[in-house]
Amino acid sequence: TGDQWDRVNTILRAEKSPDQIESERTTTIETGVWERPSIKSMMKGLKSEVIASVKAVGRWTKSKSDPIASSLAKHSTYAVVTFSSRQAAVAARHCLSDGRGQQRWLSLETVPVPPLADAAPCDIITCRGCCRPVTLNINQNEQLIRKYFAKASLLFIYIFYTVPITTAQKLVEPASLQKTFPALYDLLENNENAFLSANILSGLVGALLYTTFFALCPVVFKAIANSGSRATSVQEAEAYALKYYW
């Protein structure tokens, strides 16, 4: 009921200091019951939001930090904590269950996740050299050259991949097949079993070419990502390969 929620809000205000009560006078716990909004309530809510924003700006302009705290913030140091597993990291994050760690413990996406990009630069024989990126073992100039070569390779594939497939389809069309391979054309056309004719062969070859190309695309894009994406881990290289593919 309404009286019970009023008591809850009274207890909430009693636990706060006078400064907090002054700055959060409008803070109340909602009952969760939906009420149909009216124009009056919408205008009241908009007015309260504007007033709260103006007060927040005023408090921000008037607030002054302690010189000692400013000096510590200016010359602050950081510590990198490495956990043995993701479960341990999640458990440590949930230790701050009271919410004081909100927006304080941010994950750094650029930290590489093992296995790292530690393959040999020109090793295409062993599995380690083919299946891992090489970013950590080459200098900046070679990384830049590999990046431009990867971009050029992707551009060439995106634009001209249809040229060899279309050319191969043209060669197995019935008219071209009759001129290029007349014996094969006569064999297909004079065959009593019409299961495999020149038209069927033309469509079958085109479908097989496209299927083979799209089956090889993940391997090709993974090789380009390992070589020139400047990824620092296998996980990042696989993400680049997916971007190249889609």
Side-chain angles (χ1 to χ4, degrees), residues 70 72-169 206-246:
S70 300
L72 291 175
K74 183 178 180 181
H75 302 287
S76 59
T77 57
Y78 299 89
V80 178
V81 180
T82 303
F83 297 97
S84 59
S85 63
R86 294 181 182 270
Q87 290 79 4
V90 172
R93 183 187 293 267
H94 284 288
C95 286
L96 298 175
S97 58
D98 57 352
R100 288 179 294 178
Q102 185 178 7
Q103 301 298 331
R104 299 294 184 183
W105 196 342
L106 302 178
S107 59
L108 189 59
E109 299 293 340
T110 57
V111 175
V113 179
L116 302 178
D118 54 357
C122 298
D123 185 12
I124 59 175
I125 299 176
T126 62
C127 180
R128 186 183 185 87
C130 295
C131 302
R132 290 195 180 187
V134 297
T135 305
L136 301 181
N137 296 331
I138 56 179
N139 54 35
Q140 294 291 334
N141 293 332
E142 189 171 353
Q143 288 183 22
L144 190 62
I145 293 174
R146 285 172 174 265
K147 178 181 178 181
Y148 287 141
F149 181 77
K151 297 295 184 182
S153 301
L154 291 173
L155 185 64
F156 181 82
I157 293 174
Y158 293 155
I159 296 176
F160 299 105
Y161 81 93
T162 58
V163 175
I165 297 177
T166 306
T167 303
Q169 284 181 323
L208 289 176
L209 289 174
Y210 274 104
T211 303
T212 304
F213 172 76
F214 285 111
L216 293 176
C217 276
V219 180
V220 175
F221 290 147
K222 180 67 178 297
I224 295 175
N226 288 338
S227 176
S229 66
R230 305 179 73 174
T232 56
S233 63
V234 176
Q235 178 185 7
E236 189 177 358
E238 291 176 352
Y240 276 110
L242 287 176
K243 291 179 180 180
Y244 297 159
Y245 185 81
W246 294 110

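We're numbering straight along the sequence, starting at 1. Remember, predicted model here, so these are calculated numbers, not experimental data.
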Restricting to non-hydrogen atoms, name the atom on [X] and the atom on [Y] that form the minimum distance, rounded to 0.1 Å.
| X | Y | value |
| --- | --- | --- |
| Val134 | Ala119 | CG1-O, 3.7 Å |
| Thr212 | Leu208 | OG1-O, 2.7 Å |
| Gly206 | Gln169 | CA-NE2, 3.2 Å |
| Ala237 | Ala231 | N-CB, 3.5 Å |
| Val234 | Arg132 | CG2-CG, 3.8 Å |
| Tyr158 | Tyr244 | OH-O, 2.6 Å |

[atom1]-[atom2] distance between [X] and [Y], expressed to the nearest 0.5 angstrom:
| X | Y | atom1 | atom2 | result |
| --- | --- | --- | --- | --- |
| Phe160 | Ile165 | CZ | CD1 | 14.0 Å |
| Arg230 | Lys147 | CZ | NZ | 5.5 Å |
| Ile224 | Lys151 | CD1 | NZ | 10.5 Å |
| Glu238 | Asn226 | CD | CG | 8.5 Å |
| Leu209 | Thr162 | CG | OG1 | 12.5 Å |

Taking atom CD as the centre, does Glu142 end up with more than 12 heavy-atom neighbours from other residues, nucleotides or ligands that are less than 6.0 angstrom away?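 Buried by this count: over 12 neighbours within 6.0 Å.
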- [ ] Evaluate whether atom CZ of Phe149 has more than 12 neighbouring non-hydrogen atoms of other residues, nucleotides or ligands under 6.0 angstrom away.
- [x] no
Tyr240 six-ring face occupied by Lys243 cation (under 6.0 Å, within 45°):
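Pair Lys243/Tyr240 counts as cation-pi.
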- Task: Could you tell me whether a side-chain N or O of Thr211 sits under 3.5 Å from a main-chain N or O of Ala207, the two making a donor and an acceptor?
- Result: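 Flag set: sc Thr211 to bb Ala207 pair under 3.5 Å.
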In terms of the angle between their ring planes, are Tyr245 and Phe221 parallel, tilted or perpendicular, with boundaries placed at 30° and 60°? perpendicular
